[in-house]
Amino acid sequence: TGLGCTLNAASFSVSAGGIASANGEGYAGSSGPGAGAVSGTQGATHGGRGGGNTLPAYGSASAPVTLGSGGVSSPYFYGGGAVKINCPGGTVSVDGTLVANGVAASRGSAGGSIWIVCQTLAGGPSGVLQAKGGEGTLTLRGAGGGGRIALEYAVSTFAGGSSVAGGAAQVAGAVPGEPGSIIPGN
């Protein structure tokens, strides 16, 4: 955890039913630029603010490589990792799941980053791209903010879904996180 990953390839695919995951591969609990405080009630921030968190969003919306900040719980939970898929002359096909989500916690962790650079972005309706914030699991505590997704392509036939939603409140009285950012192709 803590570094992120860049994959340089001629092409890249996630098959239907397959998962490429950077969930929980970001900053450790209570660390990172938008961390939730151990003694506070706020969820962690990244592309969107964590529930109750006043720290600003951080990282680039158009070239995201930053990790999600860590939430707070026992044990502490990690934010989403950062993944760059770099296939500038090729095809990236996502029929399965490519994720960099934050982890649910009493104060949720923030979503991470997904950055795809390709000639063609493909994938059917089963394809999923996510950098969501972790859910908040205690009353009066915040869920994690959403992460960042940037898609750079010349042609897209991608029919799947993408989400940088803030973490949901799992219990009554928890504060949901704010959504992050999605930048579609050129």
Side-chain angles (χ1 to χ4, degrees), residues 1-9 12-15 17-29 31-36 43-51 53 57-71 73 76-87 92-105 107-118 121 123 126-136 143-153 158 160-168 176-185:
T1 58
L3 295 176
C5 171
T6 298
L7 174 66
N8 296 302
F12 177 85
S13 65
V14 182
S15 300
I19 299 173
S21 175
N23 289 348
E25 294 293 331
Y27 285 105
S31 64
T45 289
H46 182 203
R49 287 185 179 169
N53 198 325
Y58 62 92
S60 170
S62 60
V65 293
T66 44
L67 304 170
S69 290
S73 193
Y76 295 162
F77 286 104
Y78 289 77
V83 178
K84 179 180 180 184
I85 310 285
N86 190 42
C87 304
V92 171
S93 181
V94 181
D95 288 299
T97 302
L98 176 58
V99 289
N101 294 330
V103 177
R107 273 93 73 196
S109 58
S113 296
I114 297 173
W115 182 12
I116 297 175
V117 178
C118 60
L121 179 63
S126 61
V128 175
L129 300 171
Q130 289 182 350
K132 295 167 52 174
E135 296 175 329
R148 297 192 183 278
I149 296 176
L151 307 172
E152 294 183 37
Y153 53 77
F158 181 66
S162 56
S163 176
V164 290
E178 295 179 359
S181 62
I182 297 180
I183 303 294

For a quick test of reading the model, state the closest non-hydrogen atom pair linking [X] to [Y] and the distance between them.
X	Y	value
Tyr78	Gly24	CB-O, 3.1 Å
Ala57	Gly48	CB-N, 4.4 Å
His46	Ala110	CB-CB, 3.6 Å
Val94	Phe158	O-CE1, 3.4 Å
Ala165	Ser163	N-OG, 3.2 Å
Gly136	Ala143	N-CB, 3.3 Å

Please check this pair: side chain of [X] against backbone of [Y], looking for a donor-acceptor N/O pair closer than 3.5 Å.
X	Y	answer
Asn53	Gly43	yes
Ser113	Thr66	yes
Asn101	Asn23	no
Ser126	Asp95	yes

*Report the C-alpha separation of Trp115 and Ile85 in whole Å, then their side-chain angles, then the decisive distance to 0.1 Å, and conclude whether the side-chain contact (heavy atoms from CB on, under 4.5 Å) test is met.*
CA-CA 6 Å; Trp115 182 12; Ile85 310 285; over 6 Å; no
*For Glu178, side chain to side chain donor-acceptor pair (under 3.5 Å) partners two or more places apart*: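 Once residues adjacent in sequence are excluded, Glu178 has no partner under the side chain to side chain donor-acceptor pair (under 3.5 Å) criterion.
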I want to check something: taking the side chain as every heavy atom from C-beta on, are [X] and [Y] in contact at a cut-off of under 4.5 Å?
X	Y	result
Val117	Lys84	yes
Ile19	Val14	no
Tyr27	Pro33	yes

Any chance you could measure [X], atom [atom1], to [Y], atom [atom2], to the nearest 0.5 Å?
X	Y	atom1	atom2	answer
Leu98	Phe12	CG	CZ	6.0 Å
Cys87	Ile116	SG	CD1	9.0 Å
Asn86	Asn8	CG	CG	4.5 Å
Ile114	Ser162	CD1	OG	9.0 Å
Cys5	Glu25	SG	CD	10.0 Å
Leu151	Ile182	CG	CD1	7.5 Å

*Evaluate side-chain contact (heavy atoms from CB on, under 4.5 Å) for Thr97 paired with Gln130, printing each intermediate quantity in order.*
CA-CA 8 Å; Thr97 302; Gln130 289 182 350; 5.5 Å; no
*Could you verify whether a donor N or O on one side chain and an acceptor N or O on the other, from Tyr58 and Ser69, lie under 3.5 Å apart?*
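Short answer, yes.
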*asked:* Assess the residue pair Ser181 and Arg148 against the criterion (side chain to side chain donor-acceptor pair (under 3.5 Å)); give the C-alpha distance rounded to whole Å, side-chain angles, the decisive distance to 0.1 Å, and a yes or no.
replied: CA-CA 5 Å; Ser181 62; Arg148 297 192 183 278; 2.8 Å; yes
